[in-house]
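Worksheet for the structure shown next.
In this text the structure is predicted, and so the values were computed from the model without any measurement. The analysis underlying the following values was restricted to heavy atoms, covering all of them including side chains, and did not include hydrogens, waters or symmetry mates. All chains are named by letter (A, B, ...) in the order of the sequence lines, taking the proteins before the strands, and each is independently numbered beginning at 1.
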Amino acid sequence: VTDIAWIDNALTAARPQAIGALLRYFRNLDTAEEAFQEACLRALKSWPQNGPPRDAAAWLIMVGRNVAIDQVRRARKQEALPEEDKISDLGDAESELAERLDGQHYRDDILRLLFICCHPDLPATQQIALALRVVSGLTVKQIARAFLVSDSAMEQRITRAKARVADASVPFETPGAVDRSERLAAVAAMIYLVFNEGYSANSGEAQARAPLCDEAIRLVRLLLRLFPTEPEIMGLAALMLLQSSRAPARFDADGAIVLLEDQNRALWDRQMIAEGLALIDKAVRHRRRGPYQVQAAIAAMHARAAKAEETDWSHIDQLYGALEQIQPSPVVTLNRAVAVSKVRGPAAALEMIDPLAGQLSGYFYFFGVKGGLLLQLGRTDEARVAFDRAIALAGTAAEAAHIRMHLDRLMKPGAPIAVAKAAH
Amino acid sequence: MSFVFNKTGEISVLYAILCYHDEDVTCSWSKEHDDAVLAKLGVVQEKLARQGRLGPVARLLPTTAATTLRKSQDPPLIIDGPFAETKEQLLGFYVVDCENLEAALDVARDLGAANPGGSYEIRPVGVFRPGSLPA
């Protein structure tokens with residue numbers, strides 16, 4: 001590890017805390033980012049000679065703050081009329097410096113920074129891009145590559161997001177308990193979006209997008225260190241770790257989707273599974289069930305099964321039942337139907353999903369599951385219709401190819417019958 | 001102290017080497033960087049193992065997966081997160097095979113009943129190598 005790599009890691013690690021604090025001083029995202037950037041440049045000059053500071057984040061906050069104040073003062077001298085309110089703000093910042101660097105504010109600083117990125121005015125894609133740029137510090141180029149868009153398109157997306165955030169009012173006072181928990185929920189949802197953006201890729205894109213999953217896991221660990229007793233944050237961390245543990249087994253050598261049941265479980269990442277299971281165990285102790293915890297518990301049922309045949313489907317059915325109560329949605333019911341088909345057979349599952357037809361008429365996975373169930377019941381003509389519909393709705397080539405495989409088997413009499421399942 | 005007679009018949013001492021680092025930094029490592037670090041450490045470990053000097057090696061999972069059992073009170077208090085007090089010192093550790101966190105907490109409670117006071121931090125182990133030291 002070279003000096004520069006070490007410094008680079010330290011700067012990345014300190015980034016959320018430093019930008020969060022600078023944002024509190026300057027109340028402007030661009031100013032905070034520029035101040036941090038300048039502090040990093042000075043760190044690159046100073047640290048190799050003087051050695052790393054004991055607290056990298058505090059060093060960066062102090063230097064960044066001084067640099068930005070200098071710049072404002074210099075600008076003030078050149079301006080005919082000083083911006084009085086802005087200057088007095090900075091005065092306050094200076095006098096409270098000692099108090100502010102004691103770490104008490106860090107939790108709310110980081111939460112605020114994340115919260116700004118998931119402002120409700122921003123569409124999901126802008127939230128994710130903004131968080132990756134501002135909080136994680138990925139370059140525009142890196143983010144563009146992960147989203148498979150051009151650098152200039154991503155630059156534009158981030159600029160737009162920043163403009164919207166600048167117009168929106170974000171409270172800077174220390175949040176109360178209710179506000180804090182609302183912010184936390186919004187931030188958790190945004191982090192899960194980042195994860196899914198990385199995870200729901202097809203094989204061709206998986207490698208380029210994998211950093212999004214890593215980044216989401218890093219952010220949720222950060223959140224969990226700030227809020228160590230929140231069971232839903234434990235649940236979210238567990239959910240992402242358990243899903244991520246299967247990444248090496250999700251596609252075959254040709255890039256085709258490998259269903260959960262057919263995956264080579266030896267390829268699953270045991271460390272991620274161990275961490276995920278430990279987090280669920282911790283969350284359960286709080287006896288405050290929430291959607292992330294239940295989804296993580298479902299993922300854990302798969303992780304605990306050494307072989308697909310050993311999966312405890314009836315427990316999974318119960319967990320989906322719990323999820324239906326906490327967070328009712330046709331997609332949850334559809335997932336539950338897959339578990340029901342294992343426990344009570346395809347007819348019961350089909351009966352369960354029939355009422356969803358209207359709400360899920362545009363959903364690829366609905367027709368995939370339906371086709372699979374019909375196939376199991378020997379209703380091949382109806383299965384073919386459902387699979388055709390699924391192919392028409394497929395979002396990726398891999399999804400379409402997967403359904404076509406079922407259709408191909410239908411054409412061959414006596415071919416093994418498989419049920420369409422979620423490509424987890 | 002635990003003594004071991006080395007190959008030349010001299011007495012040697014078992015040392016525990018405890019690893020500390022900023023988790024914000026290590027959790028920011030890319031997979032490639034992490035692999036590279038482990039590979040370099042592996043070279044050092046391999047040399048020690050060949051000399052028959054390496055005992056168990058464990059890499060712990062992040063502190064976010066930790067639970068702490070404070071046994072200075074009865075019944076012990078269970079808290080989320082790692083051991084965070086600075087007045088107490090690390091005195092030793094166990095590695096126990098447990099089905100889940102509850103099972104690990106049961107073990108910690110039994111140990112705590114035998115030796116009250118202080119705390120146990122319960123942390124899942126990510127990587128474990130048993131080593132090659134004689135018992």
### Message
So if I apply the side chain to side chain contact (heavy atoms under 4.5 Å, CB included) rule between B:V25 and each of A:N9, A:T12, A:L11, which one comes out positive?
### Response
A:N9
### Summary
Result for side chain to side chain contact (heavy atoms under 4.5 Å, CB included) between B:S28 and one of A:R221, A:E215, A:R218 points to A:R218
### Task
Show your reasoning for whether side-chain contact (heavy atoms from CB on, under 4.5 Å) applies to A:D281 and B:E102.
CA-CA 8 Å; A:D281 285 353; B:E102 281 312 313; over 6 Å; no
### Task
To the nearest 0.5 Å, tell me how far B:K31 NZ sits from A:D269 CG.
7.0 Å
### Task
Indicate the atoms forming the closest heavy-atom contact of A:R304 with B:E99, along with that distance.
NH1-O, 4.2 Å
### Query
Do any N or O atoms from the side chain of A:K282 and from the backbone of B:T64 form a donor-acceptor pair under 3.5 angstrom?
yes
## Note on the structure
The interface call for A:R15 against chain B, heavy-atom contacts under 4.5 Å, is neither
### Message
Is it the case that atom CZ in B:F128 sees more than 12 heavy atoms from other parts of the structure closer than 6.0 Å?
### Response
yes
### Summary
residues 270-278 of chain A vs chain B, non-hydrogen distance cutoff under 4.5 Å, contacting residues -> A:Q271, A:A274, A:E275, A:A278
### Query
Is the shortest distance from a Lys or Arg side-chain nitrogen in B:D80 or A:R285 to a carboxylate oxygen in the other one below 4.0 Å?
no
### Task
Step through the shown structure and confirm whether more than 12 heavy atoms of other residues, nucleotides or ligands are within 6.0 Å of CG on A:N50.
yes
### Message
Using a 6.0 Å cut-off, check whether atom CZ of B:R53 has over 12 heavy atoms from anything other than its own residue.
### Response
no
